[in-house]
Amino acid sequence: MGNSITEEMVMKSLKKVIEPELFKDIVTLNMVKDVRVAGKDISLTIVLTTPACPLKSEIQNRVDQAVKGDHPEIDKISINWTSNVTAGKAGGKEDLIPTIKNTIAVSSGKGGVGKSTVTVNLAVALARSGARVGLLDADVYGPNIPMMMGVSKPPVSAGAKLEPAESHQVKFISMAFMVEDDTPIVWRGPMIHGAIQQFLRDVNWGELDYLLVDLPPGTGDAQLSITQLIPLTGAIIVTTPQAVALLDSKRGLGMFQKVHVPLLGIIENMSYFSCPHCHEKTDIFSHGGGKAAAEKLKVPFLGEIPIDPAIREGGDSGMPIVVSNPESPQAKAFVQIASQLAAQISVLNARSSALRIVTV
Ligand SMILES: Nc1ncnc2c1ncn2[C@@H]1O[C@H](COP(=O)(O)OP(=O)(O)OP(=O)(O)O)[C@@H](O)[C@H]1O
Ligand SMILES: [Mg+2]
């Protein structure tokens, strides 16, 4: 009696809790809301910078330690988790999509490394974590996102804007929707430019936390013009162990540096084979190159995905493995990488907003 704990006292303890990736305390970061004290129990809301946050349990531990360290008499601390995704876009360009908080380009040094497969699974994993997610299939040469999402046509649009298709909680649009029957088009630069512009400006995306863009493979003119058109938060690179050498080349990364797009990380796909019977891992193409390249290039390594028939079948059947078998180790690899990606985006946005404050 007489010494009851107040909300102010709790806030003071919470000021000692450092967000593990943003390196500032959670009170300064404005992440704490609705602190309530009821006898020996405390409840509070923590607003994360992404619902896919990989560090919830770490934050929970730090809150427990800080508050109970100061006030050992506390019994229970209940945290209500919510999120408000931070926004970030490389400046300079006209923002054709102001309702989209973050736009992430997925690229690869060469074709066939599983870029579209990875993009689809990451998009669906982010959506399943609670984020609002879109997917733009900007691969003019082989747009196959609709097949992988199990939808072949966009809905009929009623208004002035184009309605995106929606599948597995992800809104998406594809170059494939622009092509009548299966006739391949020879794309000329201005056509690509026009199509991408339309996909950004004339599609009814609504509010999105993340828009993932599946770029055509390689780092040529088409990719360059797309990265120049889209106000990007950052880019990720998908590689396979045997394609890693291409990444190392200046050409691979130079494109993003040229247009000042930050690299959010590298993913190694078809990294190893995990035997379904004995679970032994076999490095079919020698694995680990992606991680080594990431270290050398000083870019975050987001993780590795095994080579697995179930992943290919997921793509062929329009039922990505994170939906069809979410408990499988393959799906968990995607979910973990999606979290890492979301965390990198939060870190980048925190850093650039700090920069903005300094420079204003
Ligand atoms: N981890 C994996 N395990 C098994 N098969 C995979 C894996 N990743 C991708 N694949 C398969 O490899 C093939 C190529 O993948 P995908 O189309 O995603 O590559 P891409 O890099 O987008 O190719 P493109 O350059 O043609 O756009 C597909 O059949 C896909 O199902
Ligand atoms: Mg592809």
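Numbering of ligands and ligand atoms starts at 1, following listing order. In this text, all values refer to a predicted model and were calculated from it rather than measured experimentally.
Shown in contact with Asn144 at under 4.0 Å from a heavy atom are these atoms of ligand 1, numbered in order with element: 17 (O). Within the listing of ligand 1, atoms 25 (O) sit less than 4.0 angstrom from a heavy atom of Pro217. Set against the non-hydrogen atoms of Met148, the atoms of ligand 1 under 4.0 Å away are 17 (O), 18 (O). Those atoms of ligand 1 that come under 4.0 Å of a heavy atom in Val113, given as number and element, are 21 (O). Of all atoms in ligand 1, listed by their number and element, those nearer than 4.0 Å to a heavy atom of Ile311 are 1 (N), 2 (C), 3 (N), 7 (C).
Among protein heavy atoms, the minimum distance from atom 27 (O) of ligand 1 is reached at Asp139 OD2, 3.2 Å. Protein heavy atom at the shortest distance from atom 30 (C) of ligand 1 is Thr117 OG1, 3.6 Å. Of the protein's non-hydrogen atoms, Asp308 N, 2.9 Å is the one closest to atom 3 (N) of ligand 1. Looking only at heavy atoms of the protein, atom 20 (P) of ligand 1 is closest to Lys115 N, 3.4 Å. Atom 26 (O) of ligand 1 has its closest protein heavy atom at Gly112 N, 4.1 Å. Nearest protein heavy-atom contact of atom 5 (N) of ligand 1 is Arg312 CB, 3.7 Å.
Distance OH/Tyr210 to NZ/Lys101: 8.5 Å, rounded to 0.5 Å. Taken to the nearest 0.5 Å, the CD atom of Glu58 stands 4.0 Å off from the CZ atom of Arg62. Annotation: the span from Leu29 atom CG to Thr86 atom OG1 amounts to 10.5 Å, rounded to 0.5 Å.
Other residues, nucleotides and ligands place more than 12 heavy atoms under 6.0 Å from the NZ atom of Lys16. Around atom NZ of Lys40, no more than 12 heavy atoms belonging to other residues, nucleotides or ligands sit under 6.0 Å away. Atom NZ of Lys76 is surrounded by 12 or fewer heavy atoms from other residues, nucleotides or ligands within 6.0 Å.
For residue Thr119, no N/O/S atom approaches the Mg ion (ligand 2) to within less than 2.8 Å.
Cluster membership for Trp81 and Val27, using ILVMFWY side-chain heavy atoms within less than 4.5 angstrom, is shared.
With a 4.0 Å heavy-atom cut-off, ligand 1 is reached by the backbone of Pro306 but not by any atom from C-beta on. The proximity of Asn269 to ligand 1, defined as any non-hydrogen pair under 4.0 Å, is limited to the side chain.
Ion pairing between Glu327 and Lys332 holds under the 4.0 Å rule for side-chain N and carboxylate O. In this structure, Glu207 pairs ionically with Arg132, as a charged nitrogen and a carboxylate oxygen lie closer than 4.0 Å. Between Lys15 and Asp25 there is a salt bridge, with a side-chain nitrogen of the basic residue lying less than 4.0 Å from a carboxylate oxygen of the acidic one.
Put simply, atom 9 (C) of ligand 1 has protein non-hydrogen atoms near it, under 4.0 Å away.
On a distance-only criterion, Gly111 and ligand 1 share no N/O pair closer than 3.5 Å. Ligand 1 has a nitrogen or oxygen under 3.5 angstrom from a nitrogen or oxygen of Gly114.
Looking at heavy atoms from C-beta onward, Thr50 lies out of side-chain contact with Ser83 at the 4.5 angstrom threshold. Contact of the Ile26 side chain with the Ile46 side chain is registered, since non-hydrogen atoms from C-beta on lie closer than 4.5 Å.
Using a 4.0 Å heavy-atom cutoff, Ser116 is listed among the residues neighbouring ligand 1.
When Glu268, Met270, Met147 are ranked by how near their heavy atoms come to atom 6 (C) of ligand 1, first place goes to Met270.
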